[in-house]
Each structure stands twice: as C-alpha cells, then as structure tokens.
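Following: one structure in structure tokens, then a few remarks.
None of the values given here were measured: they were computed from a predicted structure. The analysis underlying the following values was restricted to heavy atoms, covering all of them including side chains, and did not include hydrogens, waters or symmetry mates. Counting starts at 1 for both ligands and their atoms, in listed order. Along the sequence shown, residues carry numbers from 1.
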Amino acid sequence: MEFLDQRLSQLKPYVPGEQPQTKDFIKLNTNESAFPPAATVVEAAASAAESLQLYPDPTLGNLTGALSSYLGVTESEIFLGNGSDEILAFCFQALMGKGVAFPDITYGFYSVFAKLYGIPAKVIPLQADLSIDLKVYADFSGTIILANPNAPTSLGLPAAAILQLVQEKPERLVIVDEAYVEFGGESLVPYVKDYANLLVVGTFSKAWQLAGGRLGYAVGQVNLIEVLQRVKFSFNPYSVNAMTAACGLAAVQALPYHEACLKETVNVRAWTTEALRDLGFEVLPSQTNFLFVKGPVSGSLLYPALKNRKILVRWFDQPRIKDYLRISIGTLREMEILVTTLKEILTEPQ
Ligand SMILES: *Cc1c(COP(=O)(O)O)cnc(C)c1O
C-alpha cells in the first residue's frame with residue numbers, strides 16, 4: 001500500500017455477497033430476483049448490442065421518459081446511474097457537506113462511502129427490536145440517509161413518519177434508499193414534488209431482474225437532480241451503458257411480468273415465514289424480498305452448515321446481528337429445499 005493516499009488508509013471496502021460462478025448453489029445471499037428478465041428485455045439487450053460501436057445517449061432520454069411515466073414524476077426529476085450504489089456515492093460526494101446520519105445496522109455501503117469521501121458520520125443505534133427510532137434523528141442538521149425498508153432487517157417505516165423528518169427542517173436533506181420498496185414498503189416518490197429536501201433512490205437490481213445490468217435511479221426536485229448530473233458529468237457521462245439502458249426501458253414496458261414476479265415473491269415470502277417459524281425461527285415481518293431470521297442455533301453456525309449443503313445465505317459478522325441470517329426469497333422450490341435442509345441441520349447432534 002506504499003502509494004496509497006493517506007486519506008484512504010483507514011478505508012475498509014464493502015464486501016459483496018459471494019457470486020459463485022457455478023450453478024450448483026441455491027443462491028439466497030444477495031437479494032437478486034428469483035426470476036430471469038422478461039423475454040423482451042433479453043431481446044432488447046441483443047438488439048442494443050448491434051449498435052455497440054456508438055456511445056450511449058448521454059441523456060438516456062427513452063428510459064427517462066418511460067420511468068417518469070411509471071413513477072408519476074417529470075423527466076427533469078429523474079437521475080439515472082450505474083446501479084444505485086453509484087448514485088449513493090454521488091450523494092455522499094456532493095450532498096453531505098454538513099455530515100451524515102444513518103442507523104448502526106443498515107446498508108453497509110453508507111459507512112464505506114462516508115470513509116471514502118471523508119464525511120463525518122453519526123451512527124445511530126437501532127432500537128432493541130431492530131426498528132428505527134426517527135425521534136433520535138430530529139435534531140440532526142446534516143443529511144439523513146435511511147434505507148426504507150431497511151436492510152438487512154427487512155423492516156419498513158410508514159411514509160408519513162419519514163415525511164415528518166422531511167417537514168421538520170426544510171434546510172436538511174433526507175435521502176431515502178428504496179431498494180426494496182416494491183415488495184411492500186411505502187414509497188416517498190409521490191412527495192418529491194412537494195419537498196425540495198427529499199431525494200428518493202431506487203434500483204432495478206432487486207424487483208426488476210436487472211442486478212447484472214447495473215441500473216439505479218434517483219427522484220428529486222430539479223436542483224437536486226442537477227447536483228447529481230454535475231457529479232456524473234464530471235466523472236463518467238456514460239456510466240449507464242447502451243445495453244443496460246435498453247434493458248431498463250424494456251423492463252418498464254413489461255409491467256405485467258414485473259407485477260407477476262412481485263406477487264410470486266410476496267407469496268413465497270409468506271410461505272417461508274410460516275415454515276421457518278414452525279422450525280422455531282424468529283422471523284422479522286419482512287417488507288422486502290428477503291427474511292431476517294434468528295434460529296434456535298446461531299447464524300454463525302447455520303451459515304457454514306447451509307453452505308456445506310450448497311445453499312448460500314448472508315451472515316454478517318457484526319456483534320448485534322451475528323446470531324441472525326439474511327435469506328433472500330428464491331423460488332418456492334428453492335425455499336422448500338432451504339426449509340428441509342434447515343430441518344436436517346437442526347435435528348443433527350450439534
Ligand atoms: C442492493 C442495495 C442497493 C444497491 O443496489 P444496486 O442498484 O445494485 O447498486 C442499495 N441499497 C440497498 C439498501 C440495497 O440493498
């Protein structure tokens with residue numbers, strides 16, 4: 001590390017979930033969709049590939065137009081990026097001059113970005129039941145960022161509760177990361193037109209079958225979107241590539257497929273919640289496409305036991321949640337195998 005800038009010497013990079021390159025695992029560790037993209041999305045990718053000698057449209061006009069109709073906002077209120085991770089990084093670079101506050105248990109990238117960009121971070125513990133107590137944020141005058149529903153807890157807050165934070169201090173920015181909102185959360189997008197200090201970030205990675213395409217969006221009033229454009233066009237105007245833009249457009253145009261996938265995921269989530277509770281697991285009431293669970297045996301033991309049996313789930317080596325597992329909702333068949341396998345593990349002598 002002899003050439004590393006001193007400012008980055010304390011940086012601990014984010015550790016992504018494992019992505020095995022063989023198909024022999026049941027993969028329930030990174031909250032991707034259990035379903036493939038719609039056939040029209042695959043066709044759109046192939047057709048976009050025929051023009052890859054050209055740079056993409058830097059305005060991403062077609063996708064922006066379709067997404068603005070879908071979300072019910074104007075095109076000037078939409079920003080697109082290479083996954084919501086890139087957009088969140090831009091937020092930390094440009095919108096956190098007075099520091100940032102977020103929960104102790106939340107999306108791991110927030111603390112990584114704070115370190116990367118040297119932003120002072122106020123980390124606020126979740127309550128004992130792992131919910132967010134918004135009252136504790138009331139006096140904070142820097143930017144507040146909340147994942148709603150939160151990850152890895154799977155718990156959501158009512159939109160009205162977050163809106164109160166937004167209304168309390170119009171000079172304070174509130175960023176809401178809605179990566180999982182489609183699975184049962186309450187979106188703040190409808191309120192963006194009324195509040196200049198509200199930015200909502202969303203992704204095509206979880207509910208739209210496009211994690212590999214890397215596509216995210218932000219919704220906010222024009223002044224905020226202009227800040228994000230400013231950073232993007234000072235860095236990489238083409239961060240959303242032409243194939244991904246075409247896939248995103250086709251995905252938004254395949255709404256019935258999107259809705260069918262959501263419905264199936266919510267049904268399988270209900271089935272899995274019941275089945276795990278029957279096995280003695282505590283299962284938090286999920287508004288996402290994953291479950292946060294605590295079993296009769298610690299997650300630190302269940303995680304390797306499942307991995308040995310070719311089932312990948314996510315375990316976090318963090319004191320408050322090391323007994324828990326985060327389990328993505330797969331297909332019904334995958335969840336049946338998960339439940340059977342957990343039953344076997346739990347009945348074995350420890
Ligand atoms: C998955 C996830 C993201 C990142 O999504 P990408 O769009 O794939 O970068 C952001 N926030 C939360 C809370 C997530 O779980």
task: At a heavy-atom distance under 4.0 Å, which protein residues reach ligand 1? Sort them by chain and number, would you?
output: Gly83, Ser84, Asp85, Tyr107, Asp177, Ala179, Tyr180, Thr203, Ser205, Lys206, Arg214
query: Any idea how His258 and Tyr70 line up, ring-wise: parallel (<30°), tilted (30 to 60°), or perpendicular (>60°)?
result: perpendicular
message: Tell me whether the rings of Tyr217 and Phe204 are parallel (<30°), tilted (30 to 60°) or perpendicular (>60°).
response: perpendicular
message: Let's go through Asp323 and Lys294 carefully: what are the C-alpha distance in whole Å and the side-chain angles of both, what is the deciding distance for salt bridge (charged side-chain N to carboxylate O under 4.0 Å, His left out) to 0.1 Å, and is it a yes or a no?
response: CA-CA 6 Å; Asp323 289 338; Lys294 189 156 108 179; 5.0 Å; no
field: Sequence-distant partners of Tyr117, ring pair (Phe, Tyr, Trp, His ring centres under 6.0 Å), two or more places apart
entry: none
- prompt: Going by distance alone, is a donor N or O of one side chain under 3.5 Å from an acceptor N or O of the other, for Asp177 and Tyr110?
  reply: yes
query: Do any N or O atoms from the side chain of Ser51 and from the backbone of Ala48 form a donor-acceptor pair under 3.5 angstrom?
result: no
